[in-house]
Participant: 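Before I ask anything, here is the structure I am working with.
Scope of the values below: all heavy atoms of this structure, side chains included, with no hydrogens, waters or symmetry mates. Order of the sequence lines fixes the chain letters, A, B, ..., with proteins taken first and strands second; residue numbering starts at 1 for each chain.
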Amino acid sequence: MFRVIFKRYRGFLTVLFAGLVASIGGYAQAPISTIDCRYHIHGIVYDQNRKPVLGAAIYVKELAKGNVTNELGDFTIDDLCIGSYTLICSYVGYETDTAIVSIAAGRLVVEQNFKLQETGIELGEVIITEQKIAPPAMQPQVTLQGIDLDRTRGLTLGESLKEIPGVTTIQTGPSISKPVIHGLHSNRVLVMNNGIRQEGQQWGSEHAPEIDPFIAKKINVVKGAAGVRYGADAIGGVVLLEPASLPFGVGLSGEVNAVASTNNRQGVLSGIVQGGFPKNDAFSWRVQGTAKRAGNSHAPGYYLKNTGVSELNFSSAVGYRKEKFGAEFFYSQFNTKIGIFSGAHIGNRTDFETALASDGPLPEHRSGFSYTIGRPFQDINHYLLKGNAYYLSDKLGKFSLALGHQFNYRAEYDSHKPLGSEFDGPQMRFLLNTYTTDFTWEHKPIKGLLNGMVGINGMYQQNDMQGRFLIPDFTGSNLGIFLVERLIKSRWELEAGARYDVRRLDVDMARIREKSDPSRTFSQVSGTLGATYKFSPSLSTKLNAGMGWRPPSVNELYSDGIHHGEGSYIKGDYTLQDETAYNITANLTYTSPKFQAELDGYHYFYNNYIYQQPEFPGVLTIRGYFPLFVFRQTDANLSGIDLAATYAFSHHFSLRAKYSIVRATSRTTGDPLPFISPDRLQSTLRYHVHHWLGMDNIYISLGNVYVAKQWRLLPNSDYAPPPSAYMLFDAEVGFSVPGVKNMDVGVTVSNLLNTSYRNYLNRFRYYADEVGRNVNFRIKYSF
Amino acid sequence: MLKPQKLILGLTLFALVTAGCKKDDDVIPEDEQELITTIQLTLTNVTNSTETVTATWRDIDGPGGADPVITGLTLRPNVTYTGRIEFLDESNANSPEDITEEVEEEGADHEIFYEVSGANLTVTNRNTDANGLPLGTSANFASAAASTGTLTVILKHKPGSKAANDPVTKGETDIEAELPVQIQ
């Protein structure tokens, strides 16, 4: 029945899509993160000396929500509907200021600055009773934007998110990294690129998200099972990348970012040019591109041979907007060639043991600096074409439709071409075509209290693989329907949601040794229930219970082959069932001008958690004996704590500390699960001045990170003992260039002391140390 | 208001910019996959060329699946043999492919080692590549007193780094197959 529905539905969509292409010039930004509207108020809070005020509270009276300013005095209030709002700006020691802001159709961002007057009382009887800072959702959520995002420029997407408590990365050498949220990753973390779920070969831990982070103006990370809105498989969380809104009704503007790094002599250049038409505010456009080139990374003592990267990305968008209707088209291309550290590509178990026994890479895998990318390497292209549109109905609310097509090409080249062959192509090549459709209806608030949306997500994908067998060809189709409602009442906010998904997988059995039913269908209900409560203007709590599930992925079901990066034989199990996770997250947030703290606790009660388990005996091949790893299921518990706190000693000095721990054990055996992030403590001391020698917003910071040893492992469950604990230092300085408007400069030194260390979550930890000291220079110019 | 012509022009430009970027697909020929299924070691008595002994290590379906079939060497004591090794791809029964020649052609990047354990067998005089470095597609095998043990054939791939007196640990292992040896 599902197939019939899907066929009809696809036909309908094709017609609709064709219609859109023919009739509309573009589409609007889809609301992707919340169930509210999509307007923003942005502004800066100054004191009477025109210095930015950090930690001032901005409160929208009508909505009982707000935000606080950052160190630049900047604030943004998102997800506002058309209408008029009362903004109250307050800060201890200053007179409270009020402004009426009206949001009309057409301008996505409304500017409203505040200038506060000192009251003469530094800290005292000023009691703020009305203002509450409402968090945007029921789950812990962190947003990287502004300076926090600028600081990560030049890094891969995975690396940029590492600053967020509870988020780490799994790495494959220096240039491939994937985000891990609360110990979960790959198929359990969803990446939404500009409103479309990213579909590459994300099951592989050495397959990083194929996204240019420069596209994003804002990266939102939702921690915890957030599947109801985005797809039930978002068990670990969701990474949402959002570009800036298109500039309607204004002239030409843009941004240039340039980054240079010393360690791998990397250069990155990225630019955005965008514009609207001052006389016609219905149209807008944007073109963006990034070029990146890096050579061999350097670990203390040696270069990592063949670890260069070259990347060339491009995106464009056009938009059309009228009062009640808007549409947008977006196209992006991501092209990269990534060298794989040659010392990590090994022939068999004996080679692996030789590499392990060696102190650093073997002599033949040492080299000088070079930009050349030789075998082994990955060649990846990812294209996304997206069209979306919305319609605002006075009576019913807002209807949105987003259609996406993604094309993912991945070619993997072994360390040498086939013996005696002239063929110099890849040993493995994957092509994945994915079509996605999202339709949502956000109804008008009912009695001004109940907001909500219903929606349908559809996906159809086709995988074609050639070369050495790893996973079979397949077609997959998904259909999901969901409903989320939110009730806002003074101190309370409640949210409930439910979702139903069906996934069908049709596998080509031609190259599979153990034949089984080629068609499989998985379906399940998932849900979420959450609440926030504000005890006082500075203290609030969130509690959320969610349930997510995920069908086994094609590699977990059907893998059958040697993994040359690990020297192991990986085997799938076609009898695997869906995995289901019941998740509770609790959050406590305290915000005052001097002290901000956020504590998250979470627990996953996992049924049928899929993981890799070594089995004996191994597999005897012509290359010798390989240890065998088979995908198995177990019931598991996963829990942890993230803590982040900032204390401002004065207007200039602040200290920020972050601490994260995760624990994961099998409920069946009580044994710890492998490949879980070790405990991590990070702290940063920061000195900030608003003006000095003509420069604005100067800051200097010194940070350190301590990562413990992951000793929670079964003895002999890994090829090598887990790496020791390590401590790294970093330093940073940033300012706005005097005399030039809108030019910001930053210099970051990571691994300041050039410490040799290995990271448990780097799959190449067996072969070489992590990269050493790196000085990163970045310049941003906006016009 | 924007004229329809301008809109169409804009759309066309957008389509031109965004279309036509499909990746050329390098289709990988099925027969270009490197797969060695079989090793055949043939020893011939130096003094009596009619006396030959053959050992094989064969895994027709490649890694995984069915277990390999292994036939060891049974040698007479105190005999010197000349040995010749062959690497074959027999995955397609209709057209088995001999890969030995290709190893010899790329001899400057390859080296074959013979490691003996337990048995009284000595391997010497490996043949050499174009640069005069040991290759090992042929060698001398000399047996001594009656004994049992194993002979491990190791094919190493070390493009650009092959040198004289390389240890067996150097380079990437393409083959590591153990053959039982009986001297009686």
Side-chain angles (χ1 to χ4, degrees), chain A residues 21 25-26 277 280 282-283 285 287 314 316 318 320 329 331 333 335 345-351 354 357-358 362-364 381 383 385 407 409 411 414-423 425-429 431 466-468 513 560-562 564 569 571 619-626, chain B residues 1-2 7 10-11 14-15 17-19 21-23 25-39 57-59 61-68 70 87 97 99 101-103 105-106 109-110 152 154-161 168-178:
Chain A
V21 171
F277 304 92
N280 180 349
F283 290 93
W285 58 274
V287 178
F314 164 82
S316 60
V318 287
Y320 170 83
F329 280 94
Y331 175 81
Q333 234 191 66
N335 309 294
H345 192 99
I346 53 166
N348 75 350
R349 184 73 183 155
T350 319
D351 294 357
T354 310
S358 162
L362 295 163
E364 65 262 35
N381 307 89
Y383 307 150
L385 177 63
F407 170 80
Y409 169 95
D414 283 359
S415 60
H416 57 90
K417 59 183 191 181
L419 194 57
S421 166
E422 289 312 308
F423 178 71
Q427 267 78 3
M428 285 192 271
R429 195 277 279 133
L431 282 184
Q466 297 216 359
R468 186 173 64 230
R513 286 199 181 107
D560 193 3
I562 293 168
H564 282 282
Y569 194 98
K571 205 162 181 323
V619 178
L620 182 64
T621 78
I622 203 157
R623 288 169 188 261
Y625 165 87
F626 283 87
Chain B
M1 183 59 205
L2 202 77
L7 175 62
L11 269 178
F14 182 76
V17 168
T18 59
C21 306
K22 278 261 157 171
K23 178 83 184 178
D25 187 17
D26 353 26
V27 172
I28 301 157
E30 279 295 317
D31 57 352
E32 296 289 2
Q33 282 307 304
E34 176 177 314
L35 180 67
I36 303 173
T37 61
T38 309
I39 299 167
W57 197 107
R58 183 177 274 131
D59 188 7
D61 66 349
D67 286 340
I70 303 163
F87 304 116
E97 208 183 325
I99 301 163
E101 246 175 62
E102 285 145 5
V103 173
E105 270 168 31
E106 293 178 16
D109 294 341
H110 287 98
T152 307
I154 298 162
L155 172 63
K156 282 285 183 177
H157 184 247
K158 35 191 172 182
S161 68
V168 68
T169 50
K170 183 169 169 180
E172 184 183 336
T173 307
D174 280 346
I175 288 178
E176 185 174 311
E178 195 180 81

Participant: Apply side chain to side chain contact (heavy atoms under 4.5 Å, CB included) to the pair A:T354 and B:T173, showing each step before the final yes or no.
Facilitator: CA-CA 11 Å; A:T354 310; B:T173 307; over 6 Å; no

Participant: Please flag which part of A:I562 lies under 4.5 Å from any non-hydrogen atom of chain B: side chain, backbone, both or neither.
Facilitator: side chain

Participant: Is there a salt bridge (Lys or Arg N to Asp or Glu O under 4.0 Å) between A:D351 and B:K156 once you walk through the steps?
Facilitator: CA-CA 10 Å; A:D351 294 357; B:K156 282 285 183 177; 3.0 Å; yes

Participant: Heavy atoms only: give me the nearest A:R513-B:G65 pair and the separation to one decimal.
Facilitator: NH1-N, 3.3 Å

Participant: If you measure from NE2 on A:H416 to CG on B:D174, what distance do you get to the nearest 0.5 Å?
Facilitator: 4.5 Å

Participant: So do B:P63 and A:F626 actually touch side chain to side chain, heavy atoms under 4.5 Å?
Facilitator: no

Participant: What heavy-atom pair brings B:G171 and A:E364 nearest, and what distance separates the two atoms?
Facilitator: N-OE2, 2.8 Å

Participant: Which atoms of B:S161 are under 4.5 Å from chain A, going by heavy atoms: the side chain, the backbone, both sets, or neither?
Facilitator: side chain

Participant: Against chain A, work out which of B:V103, B:D61, B:D67 has the most heavy-atom pairs shorter than 4.5 Å and name it.
Facilitator: B:D61

Participant: Please name the pair of heavy atoms, one in B:G64 and one in A:V619, separated by the smallest distance, quoted to 0.1 Å.
Facilitator: N-CG1, 3.7 Å

Participant: Find the distance between CD1 (B:I175) and CD1 (A:I622) and round it off to the nearest 0.5 Å.
Facilitator: 4.5 Å

Participant: How far apart are the closest heavy atoms of B:W57 and A:T621, and which atoms are they?
Facilitator: CH2-C, 3.4 Å

Participant: Please classify the contact of B:T38 with chain A as side chain, backbone, both or neither, using a heavy-atom distance under 4.5 Å.
Facilitator: backbone

Participant: Taking all non-hydrogen atoms of both residues into account, name the closest pair between A:I346 and B:E172 and its distance.
Facilitator: C-CG, 4.0 Å

Participant: Given the options B:H157, B:K170, B:E101, which has more heavy-atom pairs under 4.5 Å with chain A than any of the others?
Facilitator: B:H157

